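Note sheet for the following structure.
Residue numbers begin at 1 in each chain, while the letters A, B, ... track the order of the sequences. It should be emphasised that the depicted structure is a prediction, and the values quoted were computed from it without experimental measurement.
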Amino acid sequence: MILPESFYRRDTVTVARDLLGKFLVANGEALPIVEVEAYLGLEDKAAHASRGVTPRTQVIYGPPGRAYVYLIYGMHYCLNLIAEPDGTPGCVLIRGVQGVSGPGRCTKHFKIGARHNKLPVFHRDGLVQVHDRGVRPTTIDVTPRIGITKSAGLPLRFVAAGLRY
DNA sequence: GTCACGATTTGT
DNA sequence: CAAATCGTGACG
């Protein structure tokens, strides 16, 4: 089933952990999420939302269950899912799905780009969806986030060590 | 308008 | 280790 909007209306870390094992569906393909990172609000200097509300970060402050897609280094897209209630910032970076490692490779694989930004992921006919197929991670590894300089070291990266179908 | 920079990936 | 490549945000 498609995860409802309420799934995302929780604290960012909880959403991040619960996203492991859920299926990312786009471009006619479905693969389980195996690696994510949580990005918080003003106190998290590595998060785009830490600069406050701007045209770009507005979606992160908006209602949950939307996609936040942005271009990084002028050549790769990163997919995030908005968490927390409307008005509270927080999002989860999809770093990897089964067989595909790296946020840039992930979006490339699913052909996700700028046109997906701000789209809800809980709609039946949406371009991007997230499904629950009853798959759960066997264990979850927790580590610092990758590729950041600010707020480095925080244990906000979550990796599914295995998947139990 | 101008400018420095980045939640990456790939090749040397 | 360095290049590729461009939207965003800060500043004037």
Quiz item: Is the shortest heavy-atom distance from the side chain of L119(A) to the side chain of V69(A) under 4.5 Å?
Solution: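 In short, these two side chains do not touch, never coming nearer than 4.5 Å.
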Roughly, in whole Å, what's the span from [atom1] in [X] to [atom2] in [N]?
X: Y39(A); N: dG6(B); atom1: OH; atom2: P; result: 13 Å
X: N117(A); N: dT8(C); atom1: CG; atom2: C1'; result: 13 Å
X: Y68(A); N: dA7(B); atom1: OH; atom2: P; result: 9 Å
X: I94(A); N: dA7(B); atom1: CD1; atom2: P; result: 17 Å
X: Y77(A); N: dT5(C); atom1: OH; atom2: C1'; result: 11 Å
X: L71(A); N: dC5(B); atom1: CG; atom2: P; result: 18 Å
X: E35(A); N: dT8(B); atom1: CD; atom2: P; result: 10 Å
X: L79(A); N: dT9(B); atom1: CG; atom2: P; result: 13 Å

Self-check item: Stacking check Y70(A) vs dG7(C) (5.5 Å / 30 deg)
Solution: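 No.
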Quiz item: side chain to side chain contact (heavy atoms under 4.5 Å, CB included) between R10(A) and D18(A): does it pass, once the steps are laid out?
Solution: CA-CA 11 Å; R10(A) 301 178 293 161; D18(A) 284 359; 3.0 Å; yes
Quiz item: What nucleotide among dA7(B), dG9(C), dG7(C) has an atom nearest to a side-chain atom of L93(A)?
Solution: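 Minimum distance to the L93(A) side chain belongs to dA7(B).
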Self-check item: Nearest-neighbour nucleotide for the M75(A) side chain, dA7(B), dG9(C), dT5(C) considered
Solution: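 Nearest nucleotide to the side chain: dT5(C).
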Quiz item: Can you tell me how far NZ of K22(A) sits from CG of L24(A), rounded to the nearest 0.5 angstrom?
Solution: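 Spacing of CG (L24(A)) from NZ (K22(A)) equals 13.0 Å.
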Self-check item: Residue met sooner reading DNA chain B from 5', once P103(A) and G74(A) are mapped to nucleotides
Solution: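 Result: G74(A).
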Quiz item: How close do I82(A) and P63(A) get, heavy atom to heavy atom, and via which atoms?
Solution: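 In this case the closest contact between I82(A) and P63(A) is CG2-O, 3.6 Å.
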Quiz prompt | Exercise: identify the closest heavy-atom pair between A160(A) and L20(A) | solution =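 Shortest heavy-atom contact: N-CD1, 3.8 Å.
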Quiz prompt | Sugar-phosphate only, base, or nothing, as touched by I148(A) at under 4.0 Å among non-hydrogen atoms | solution =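 Sugar-phosphate contact only.
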Quiz item: At under 4.0 Å between heavy atoms, what does R56(A) touch on the DNA or RNA strands: base, sugar-phosphate, or nothing?
Solution: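 Touches sugar-phosphate only.
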Quiz item: At under 4.0 Å, does any side-chain N or O of R105(A) touch on OP1 or OP2 of dT10(B)?
Solution: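 Result: yes.
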Quiz item: Does H48(A) have a side-chain nitrogen or oxygen under 4.0 Å from the phosphate oxygens OP1 or OP2 of dA7(B)?
Solution: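 Affirmative; the distance criterion is met.
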Practice problem: Would you mind pulling out the nucleotide paired to dC3(B), Watson-Crick or G-U wobble, both distances under 3.5 Å? | Solution: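 Check on dC3(B): paired to dG9(C), both distances under 3.5 Å.
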